[in-house]
Amino acid sequence: MKIVVTGGAGYIGSHTCVELLENGWEVVVVDNLANSSFEALKRVEEITGKKIEFYQTDIRDKSKLSEIFSAYTSNSETSENHQKCSIDAVIHFAGLKAVGESVALPLEYYSNNITGTLTLLEVMKQYGVKNLVFSSSATVYGDPHTLPIKENFPLSVTNPYGRTKLMIEEILKDLHVSDPSWNIALLRYFNPVGADSSGRIGEDPFGIPNNLIPYIAQVAVGRLSFLNIFGDDYNTPDGTGVRDFIHVSDLAAGHIKALPKLFTNPGVVVYNLGTGKGHSVMELVRSFEKASDRKIPFKIAQRRAGDIAACYADPSKAERELDWKAVRTIDDMCRDTWNWQKNNPNGFRKD
Ligand code: NAD
Ligand code: UD1
């Protein structure tokens, strides 16, 4: 069984490749390496002892994408349309993901995320590959009126990045209305953190990290001097923001569970991938200090524009329908992030 993974060299993609290979899937990665390194895929091969087929391609390049799908398509005398593509499904991670950058560079975000997805869908349609797992985000819930968040909550977004996710969800629903033979899982991730327990792959942001855990990890390793905590006056137990942090390996396992669901012809299905538990920024700092046995210097700073006080999932639908549940704790997440960061202080770059 063969899966095309767009954005497979990235943070979540590389961890999902590990799970796919360990569960017997053949993996074809399509990634332009705009925000990742080939080294990540080499290490996935090393962790699993299995091979990945890799194409360094931008998913907006329709002719290259068609060539890739064509390479897995055989002419068959027996099949109805005389063509059979051996790709069973696509897991679609490729895209840009930084909220602040999306405000400054909306055209890049719409082009990469929307045009990229449209091009991918056109090629999938051309080759009769109609099973798709799409990386959506809890950002599509905006500022929820109540917690925990269920899949049927109203959707709203406040920035171009979030808008691309919501637009793509809508595009995929329209596609299914037009042709019900498409099967599509919209996976709404909460806050992915952590790293593979091997310490060989992990999150490797270019430049100064925007997100909490990579920032803390770089403070712990000495690349940054202190953490700014954005607000301690929220209506939360300790005043700092609360999020549903989910270990990236649990998240990756959710994709492996979504694939067989697609093969039951469910149409469009939506799942929250979170733990169902909220943890505060301050709790994360304390847990990271324990994991690293180092002090994390911090300053209380102003609230960050666009942040909400608290956000956590009701993940029970995924448990009921996919038999998937996150099992790792925040201590596991901090331990594995630290293991990755201390062994690779410069990420995948060798210096
Ligand atoms: P990432 O940046 O590490 O991975 C994305 C990968 O896509 C990178 O390897 C990048 O090189 C590649 N890519 C980008 N544009 C491309 C293009 N046009 N053609 C080919 N490849 C391209 O990000 P990630 O954290 O692994 O996120 C994966 C997906 O999950 C993204 O769609 C993101 O929006 C979504 N998501 C991430 C989070 C998170 O916190 N990390 C949360 C919710 C949703
Ligand atoms: C952010 C994005 C969201 C995206 C998600 C995953 C914003 C507003 N939202 O979510 O759309 O889906 O990343 O990529 O950017 N914090 C600090 N100091 C820091 C960094 C963060 O105190 O240096 C706090 C934040 O205020 C927040 C919490 O840590 O309360 C988590 O922040 P972050 O990791 O950036 O994730 P989100 O904002 O939840």
Side-chain angles (χ1 to χ4, degrees), residues 11-12 14-15 97-100 138 147-148 189-252 273-304 306-313 326-349 351:
Y11 172 47
I12 305 172
S14 57
H15 288 81
K97 62 163 183 175
V99 172
L147 294 169
Y189 310 155
F190 281 66
N191 286 60
V193 298
D196 187 74
S197 59
S198 64
R200 298 290 291 152
I201 56 172
E203 191 168 12
D204 182 22
F206 292 170
I208 301 202
N210 299 306
N211 298 115
L212 179 66
I213 290 285
Y215 202 104
I216 294 181
Q218 293 197 13
V219 172
V221 84
R223 273 170 73 175
L224 296 168
S225 51
F226 64 91
L227 169 73
N228 280 306
I229 293 185
F230 298 138
D232 66 349
D233 56 353
Y234 284 108
N235 185 18
T236 58
D238 64 20
T240 64
V242 165
R243 294 292 183 275
D244 187 337
F245 297 98
I246 173 168
H247 195 295
V248 65
S249 299
D250 281 335
L251 189 69
L273 297 187
T275 65
K277 296 187 193 76
H279 290 285
S280 74
V281 172
M282 195 57 85
E283 277 181 85
L284 260 287
V285 171
R286 298 300 174 217
S287 173
F288 209 94
E289 286 182 331
K290 198 163 63 173
S292 61
D293 198 21
R294 292 180 183 200
K295 281 302 278 178
I296 308 293
F298 66 83
K299 291 184 186 162
I300 303 297
Q302 287 205 322
R303 291 181 180 192
R304 183 172 64 178
D307 272 357
I308 56 175
C311 170
Y312 51 91
V327 292
R328 295 168 178 86
T329 64
I330 58 162
D331 287 341
D332 298 332
M333 301 174 207
C334 291
R335 179 201 60 219
D336 291 340
T337 303
W338 177 238
N339 188 31
W340 152 252
Q341 185 74 69
K342 77 168 188 296
N343 290 321
N344 305 272
N346 298 312
F348 290 111
R349 287 168 292 281
D351 36 72

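With rounding to the nearest 0.5 Å, the separation of OG in S249 from CG in D336 is 7.0 Å. Interatomic distance, CG of D232 versus OG of S280, reported as 11.0 Å (0.5 Å rounding). Between the CD1 atom in I308 and the OH atom in Y234 there is a gap of 9.0 Å [rounded to 0.5 Å]. Summarising the geometry, atom CG belonging to N211 is positioned 6.5 Å from atom NZ belonging to K97; distances are rounded to the nearest 0.5 Å. In this structure, the separation between CZ on R294 and CD1 on I216 is 14.5 Å, given to the nearest 0.5 Å. Atom-to-atom distance recorded for H15:NE2 and I201:CD1 is 4.0 Å, nearest 0.5 angstrom.
Remark: the backbone N or O of R328 is paired with a side-chain donor or acceptor of D250 at under 3.5 angstrom. In this structure a side-chain-to-backbone donor-acceptor pair under 3.5 Å is missing from H247 to A326. Using a distance-only test at 3.5 Å, with no hydrogens or angles considered, a donor-acceptor pair links the side chain of T240 to the main chain of M282. In terms of modelled atom types and a separation under 3.5 Å, the side chain of D244 and the main chain of G276 share a donor-acceptor contact. A donor-acceptor pair under 3.5 Å is formed between the side chain of R303 and the backbone N or O of D233. A donor-acceptor distance shorter than 3.5 angstrom exists from the side chain of Y11 to the backbone of V193, with no hydrogens or angles considered. A donor-acceptor pair under 3.5 Å links the side-chain atoms of E289 to the main chain of I296, judged by distance alone.
The two residues A138 and C311 make their nearest non-hydrogen contact at CB-SG, 4.4 Å. When all heavy atoms of K290 and D331 are compared, the pair lying nearest together is NZ-OD2, 3.2 Å. The two residues G199 and N343 have their closest heavy-atom pair at O-CB, 4.5 Å. Here the closest non-hydrogen pair linking T337 and G194 is OG1-CA, 3.2 Å. When all heavy atoms of V248 and I12 are compared, the pair lying nearest together is CG2-CA, 4.1 Å. Counting all heavy atoms, side chain and backbone alike, F288 lies closest to A220 at CE2-CB, 3.6 Å.
Look at R286 and E283 and you find no salt bridge, because none of the NZ, NE, NH1 or NH2 atoms lies under 4.0 Å from a carboxylate O.
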- Query: Where do I213 and Y215 land on the side chain to side chain contact (heavy atoms under 4.5 Å, CB included) test, with the steps shown first?
  - Reply: CA-CA 5 Å; I213 290 285; Y215 202 104; over 6 Å; no

- Go through the steps for D204 and R349 under the test side chain to side chain contact (heavy atoms under 4.5 Å, CB included), then give the verdict. CA-CA 9 Å; D204 182 22; R349 287 168 292 281; 3.2 Å; yes

- Task: Check the pair N339 / S197 against side chain to side chain contact (heavy atoms under 4.5 Å, CB included), numbers first and verdict last.
- Result: CA-CA 8 Å; N339 188 31; S197 59; 6.0 Å; no

- Evaluate the side chain to side chain contact (heavy atoms under 4.5 Å, CB included) criterion for residues L227 and L212: first the C-alpha distance (whole Å), next the side-chain angles of each, then the deciding distance (0.1 Å), finally the verdict. CA-CA 9 Å; L227 169 73; L212 179 66; 4.0 Å; yes

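Take F245 and apply the ring-ring contact (aromatic ring centres under 6.0 Å, His included) test, not counting sequence neighbours, and it matches no residue.
Contact of the N191 side chain with the H279 side chain is not registered, since no non-hydrogen atoms from C-beta on lie closer than 4.5 Å.
Using cut-offs of 30° and 60° on the angle between ring planes, the pair F348 and W340 is tilted.
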